[in-house]
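Heads up: the structure comes next, in structure tokens.
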Amino acid sequence: MKISGAKFLRVYAWMLQLYPPRFRAKHEAQLLDAARLQHGETENHGALACALLGDTMKASLRENLRDSGVASTASLLGFAAFFTLLLFVVMLCMQQVWRRGADKAPQQLVTEARSTGVVPMDGEVREISSPAWVDGRDTFVATYDANGNVQASNGRFHGALPQPPRGIFQMMQKRSEHKVTWQPQRGVRVALVGQPLPQGGYVVAGQSLIPGEASTFSFYRLVLAMWGLMVLSLATIAVWTRRQRTA
Amino acid sequence: MIQGMATLLSQSKESPPLSPAVFAVLLALADGEKHGYAIMQEARAHTPMGPGTLYGTLDRMLESGLVRETGLSEDGRRRYYELTAAGKRSLAVEMARMQHAVKLARAKGVRALEAKP
């Protein structure tokens with residue numbers, strides 16, 4: 001493939017704009033001269049153009065990095081700190097999203113019970129300590145008297161009606177709605193939402209937190225892997241930049 | 001002489017190996033002053049090298065004191081370079097490292113490929 005000398009040098013001169021001004025000011029004449037001489041020595045101008053393009057891309061990236069100091073230790077540490085903070089914030093947000101997600105279904109049930117005055121309690125009994133309920137997204141509903149004593153529920157905890165700590169009912173009375181995490185035993189964690197009923201007493205609904213927590217832990221593992229990848233990438237850039245500077 | 005080789009060898013263990021581009025430039029300048037394009041032509045016998053890579057490498061070698069600039073042609077198209085004492089030393093250290101590696105390889109029975117006629 002043949003390309004005229006003038007056209008070849010015009011394109012190469014345009015490509016030199018990729019270099020930082022310092023490098024271009026010092027070496028532009030030499031780079032153009034080298035391209036002119038190479039053009040005169042070879043028949044295959046297409047291959048030469050490809051080689052010069054590759055060389056320009058690689059060398060200009062290196063010179064721009066060198067001039068901008070993008071890969072300086074302070075910049076790398078700053079980026080690492082920023083990325084770590086960002087991942088931490090994302091982790092906290094996702095944890096909150098999953099935690100609040102577990103409140104949604106119980107909240108709907110208690111809001112419906114409060115507004116209609118009818119507690120939506122079906123006849124099916126759920127055992128809260130059973131693996132099926134702990135690992136699922138099913139809900140239970142319970143009603144309590146003004147002192148916080150359980151009256152009725154479609155949930156059971158080891159066969160008995162679920163009785164969370166009575167302190168939560170005082171908070172329900174104060175705030176008109178209270179959301180709390182109840183851990184009746186190790187491995188059973190329940191998102192509870194309760195509201196006072198217009199006719200007196202309280203309605204409480206709950207859903208297992210375990211599925212959401214499993215998703216959270218999977219996400220934490222992904223975040224940890226991303227952090228490790230970031231550290232590895234920055235270390236590679238630091239070593240590469242150092243070699244470029246000392247070479 | 002043997003003591004000198006031993007010193008170079010111990011230095012080669014302490015300093016990191018030169019990059020192929022730096023070694024090729026040092027070797028090209030080993031027999032005296034040359035301009036950039038002549039360095040590039042000779043260096044290409046060892047490693048692929050375009051003009052951008054060459055002048056970037058020369059800039060870094062100038063900064064680390066391995067080469068010095070000796071002048072510019074009248075039309076400004078050519079810059080001339082030569083080795084400094086540090087550059088000659090680096091080349092010698094690299095040679096010692098290579099000789100040591102070749103010696104080790106031979107001791108293990110490794111043989112170089114025959115050059116094609």
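Sequence lines set the chain letters: A, B, ... in the order given, protein chains first and strands last, and positions in each chain run from 1.
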- Message: If the threshold is 4.0 Å, N to carboxylate O, is there a salt bridge linking R60(B) and E63(B)?
- Response: no
- L54(B) portion near chain A, given a 4.5 angstrom heavy-atom threshold: neither
- Indicate yes or no: does K26(A) engage E69(B) in a salt bridge with an N to O separation below 4.0 Å. yes
- Where does D75(B) contact chain A at under 4.5 Å (heavy atoms): side chain, backbone, both or neither? neither
- Message: Heavy-atom cut-off 4.5 Å, strictly under: side chain, backbone, both or neither for L37(A) against chain B?
- Response: both
- Query: Quick one: what part of Y55(B) sits under 4.5 Å from any heavy atom of chain A, side chain, backbone, both or neither?
  - Reply: both
- Message: For H35(B) and Y80(B), take the angle between the two ring planes, folded into 0 to 90°, and tell me which bin it lands in: parallel under 30, tilted 30 to 60, perpendicular over 60.
- Response: perpendicular
- Message: Would you compute the distance between atom NE2 of H27(A) and atom CG of D33(A) and round it to the nearest 0.5 angstrom?
- Response: 13.5 Å
- Query: Non-hydrogen atoms of chain B under 4.5 Å away: do they reach the side chain of R22(A), the backbone, both or neither?
  - Reply: side chain
- Message: Can you tell me which portion of E28(A) sits under 4.5 Å from chain B's heavy atoms? Options are side chain, backbone, both or neither.
- Response: neither
- Examine whether an atom of A34(A) lies under 4.5 Å from a heavy atom of chain B, and if so say whether it belongs to the side chain, the backbone or both; otherwise answer neither. both
- Would you check, one step at a time, whether the test salt bridge (Lys or Arg N to Asp or Glu O under 4.0 Å) holds for D103(A) with R100(A)? CA-CA 5 Å; D103(A) 287 336; R100(A) 288 180 185 189; over 6 Å; no
- Message: Do W182(A) and I168(A) have side chains that approach each other closer than 4.5 Å (heavy atoms only, starting at C-beta)?
- Response: no
- Best-contacting candidate, Q41(B), R77(B), M49(B), against chain A by heavy atom pairs under 4.5 angstrom: R77(B)
